[in-house]
Amino acid sequence: MGHRLSLTKLRRALSGRKKKLQEIQEPDEPYQTTPTTTKPEEGQQEEEEEEEDDDDDMNEGNTVIGLLGGGQLGRMLCEAANPLGIDIAILDEHNAPAKQAHNTNRHVVGSFKDPGRIKELAARSDYLSVEIEHVDTEVLEDIEKNGVPVEINGEIVTHRPPIHPSWRTLRLIQDKYLQKEHFKSSGKTIPIAEQIAIESGDAALDSLKKAGKQFGFPFMLKARKGSYDGRGNFKVDSEDDFAEAIKALGTLPLYAEKWAPFVKELAVMVIRTEDSDGKLKNCVAYPAVETIHEDSICTKVFMPPRDVSEDICEKARKLATEVISTLWGRGVFAVEMFLLEDASLMINEVAPRPHNSGHYTIEAVPYMSQYKAQLHAVLDLPVPDKLIPRVQSSIMLNILGGAKPDSHHHLSGLARSTYDDDMDVYLHLYNKESKPSRKIGHITLTGFCSVQELEAKAKPFIDLVDQIRLDRLEATSETLRPTQETNGSAKPAEKAPVEPATDNHVEAQELSAEAASSDKPLVLVTMGSDSDLPVLKAGLDILKEFNVPYALDITSAHRTPKYMMKVADEAAGKGIKVIIAAAGGAAHLPGMISSETPLPVIGVPVKATHLDGIDSLLSIVQMPRGVPTATVGINNSTNAALLAIRILGAFVPEYQQAMKKYQVDMEEAVIVKGTKLREGGDAAYLAGMKK
Ligand code: ADP
Ligand code: MG
């Protein structure tokens, strides 16, 4: 701070008295530092001038960091800045979480993607930084090269606030594919998953085929830009997924990544410092942590990672510093990595800012949390050359919005009321409105024991976190429940758009919420001929009993093959999760449908006029390898429906619970019969049966 003239000091030097930077009206005009030209009402003038002076006094002389984005990461940055006498000017919506935590007259209201507002922020700041990587890097480059004009007491000055991390780093990291190509060609040994760019438009399919050939299955299809919390990623299990993958992500620039069969996900925060000429000074790593993702959102962090050797943790830290040394600018960076089965490490991606996996440092490394480190690095203040936690272990639990706005109250209440000699509990609420899956706070637990012991101590917290998630998933599944039967006119499932955001700006959607809305069929029941309908009745009754919305159709493999293929092809896109297909004789329908859809298909062999249904059974059950088709007994549509419900139950807890009840009822019915038989004997039982 001391080595350069801050804006405040510059203002003073030029004007000899305090003036306030005003909002710019015209983008090309210099940024005004004199009071607005609007003439105050008589009698108000004195008062307003006084107020202005008061405002100016608020952060008198403090160095100002202009921050693009004001979510919880910015909020915690402000919390770290307050005792250090550093002023943070935030560009984000009015009353954004970070703005609430730091009182200054320098905040700017607007979008951190709006070039005009970014320049306005630059004019008010000594340095610029970000809490989100999805910003306009063109304007940052322009500010670095050409500066912004600032008018100070009638004089126009070109103001060039240093930008950290560099816009070069931000631009590179915004494109995940280029980010990893950069690591590959950096001259350092940085293991990444094999990747290939996917062509857009009509060429996408060939490109995907090439990826499948090169990587095998599954592989990961990813949006190159703007993804977060797993959105923008599509796991491709087979060629059958190509159409759906293109449908889900096809409008975006994409790349494919070889599947990383990881045993754990690790993350390392790194502080990167460089001098004012851009020469790397140092990269210092925090300890490696284990990150747990559920529903594609980071939910828990363990420091140190559980069941990972110190040697691997050291390697992770070393690798992280190598990775970050290849980038540009100062600040903290998160390095996400995979620990593979053979104990080797692979880089997943980098975030150029404080990160969810580093929240624990606030309490575990209190002398240099990731937020304090961000401030020190950006301002080129001293940072330690080693980062040793002051506790033995730490667990961070995210508080995600639950099914109801107050679902997390129990958890925050527990955090408020737990005082334990062996475990310290720190609650952080971000003052964000609770919405399902939204990151609204976190709890850090620290201890002087092993991480396993701390985990055991933290069990009531972890249980509550897990319960909030289960309740949320269950509530989401309620929206899948049918309100009325449908007749096959399913609407296509809506795909969540991929918008630029990071964890602090995201209102993540439940995976299952995408599955279907209340009136969308989840099961397609189709048959080769209407003569199969009577056989299917028992199964349809079961679906009704379990309140499963279904669609009905007739799709003959022999008489309407094109229509059959169309129905099979479109089923997944319409939100169908399971297909039941009934056919008799040369029963090709289930197998043919199975060849055209990635969905599970259950074949019901229907007994035709000849051969007792054995022909139907064998036609369905004898599918070639690679095209699985579940097959139930001849005419047993009941089991087909029950199996379909079990499949749905794997991701809709309510169906699973209903299935459990069905099984208990079935067991009880048999027990009652057994008791009756044992007690009454066979003759009486048979007599009862005859009735
Ligand atoms: P995001 O931007 O949403 O964080 P990531 O690319 O980090 O996206 O992927 C999200 C998660 O998906 C990862 O944390 C990991 O669990 C999984 N994942 C990503 N890439 C792969 C891969 N190549 N192989 C296996 N799993 C992966
Ligand atoms: Mg990630």
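Counting starts at 1 for both ligands and their atoms, in listed order. Note that the numbering runs from 1 along the sequence shown for the chain. Note that this is a predicted model, so its numbers are computed, not measured.
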Please confirm whether Lys235 comes under 4.0 Å of ligand 1, counting heavy atoms of the residue only. no
Taking atom types as modelled, find out whether Asp471 and Gln467 have a side-chain donor-acceptor pair closer than 3.5 angstrom. yes
Side-chain donor-acceptor contact under 3.5 Å, Gln72 with Lys439: no
Any atoms of ligand 1 less than 4.0 Å from a non-hydrogen atom of Asn233? List them with their elements. 5 (P), 6 (O), 8 (O), 9 (O), 10 (C), 12 (O)
For atom 3 (O) of ligand 1, the closest protein heavy atom turns out to be Gly230 N, 2.4 Å
Please verify whether a non-hydrogen atom of Phe219 lies at under 4.0 Å from ligand 1. no
What are the atoms of ligand 1, with element, lying closer than 4.0 Å to any heavy atom of Lys176? 1 (P), 2 (O), 5 (P), 6 (O), 8 (O)
With a cut-off of 4.0 Å, which atoms of ligand 1 are near a heavy atom of Glu336? 7 (O)
Identify which one of Ile88, Leu73, Leu68 satisfies the side-chain contact (heavy atoms from CB on, under 4.5 Å) criterion when paired with Glu131. Leu73
Can we say Lys315 and Asp311 salt-bridge, meaning some charged N sits less than 4.0 Å from an Asp/Glu carboxylate O? yes
Going by atom types alone, do Lys188 and Ser325 pair a side-chain donor with an acceptor below 3.5 Å? yes
Taking only Lys NZ, Arg NE, NH1 and NH2, and the carboxylate oxygens of Asp or Glu, determine whether Glu93 and Lys99 approach each other closer than 4.0 Å. no
In terms of side-chain geometry, is the basic nitrogen of Lys184 or Glu181 positioned less than 4.0 Å from the acidic oxygen of its partner? yes
Ligand 1 to Phe338 polar contact by distance, N or O atoms, under 3.5 Å: no
At what distance is the nearest protein heavy atom to atom 24 (N) of ligand 1, and which residue and atom is it? Ala260 N, 2.8 Å
When distances are taken from atom 18 (N) of ligand 1, the protein heavy atom at minimum range is Met220 CE, 3.5 Å
Value rounded to 0.5 Å, distance of CD1 in Ile143 from CD in Glu138: 12.0 Å
When distances are taken from atom 19 (C) of ligand 1, the protein heavy atom at minimum range is Lys222 NZ, 3.3 Å
Does a donor on one side chain and an acceptor on the other come within less than 3.5 Å for Thr446 and Glu363? no
Check Arg75, Gln100, His442, Arg438 against Tyr430 for a side-chain hydrogen bond (donor to acceptor under 3.5 Å, both in side chains) and give me the one that passes. His442
Is Trp259 in polar range of ligand 1, meaning some N or O pair under 3.5 Å apart? no
Subset of ligand 1 atoms that lie under 4.0 Å from at least one heavy atom of Glu257: 20 (N), 21 (C), 22 (C), 23 (N)
What atoms of ligand 1 come closer than 4.0 angstrom to any heavy atom of Lys258? 23 (N)
To atom 7 (O) of ligand 1, the nearest of Glu349, Glu265, His293 on a heavy-atom basis is Glu349
Closest protein heavy atom to atom 26 (N) of ligand 1, given as residue, atom name and distance to 0.1 Å: Phe262 CE2, 3.5 Å
If you round to 10 degrees, what value do you get for the angle at the Mg ion (ligand 2) between Glu336 atom OE1 and Glu349 atom OE2? 100°
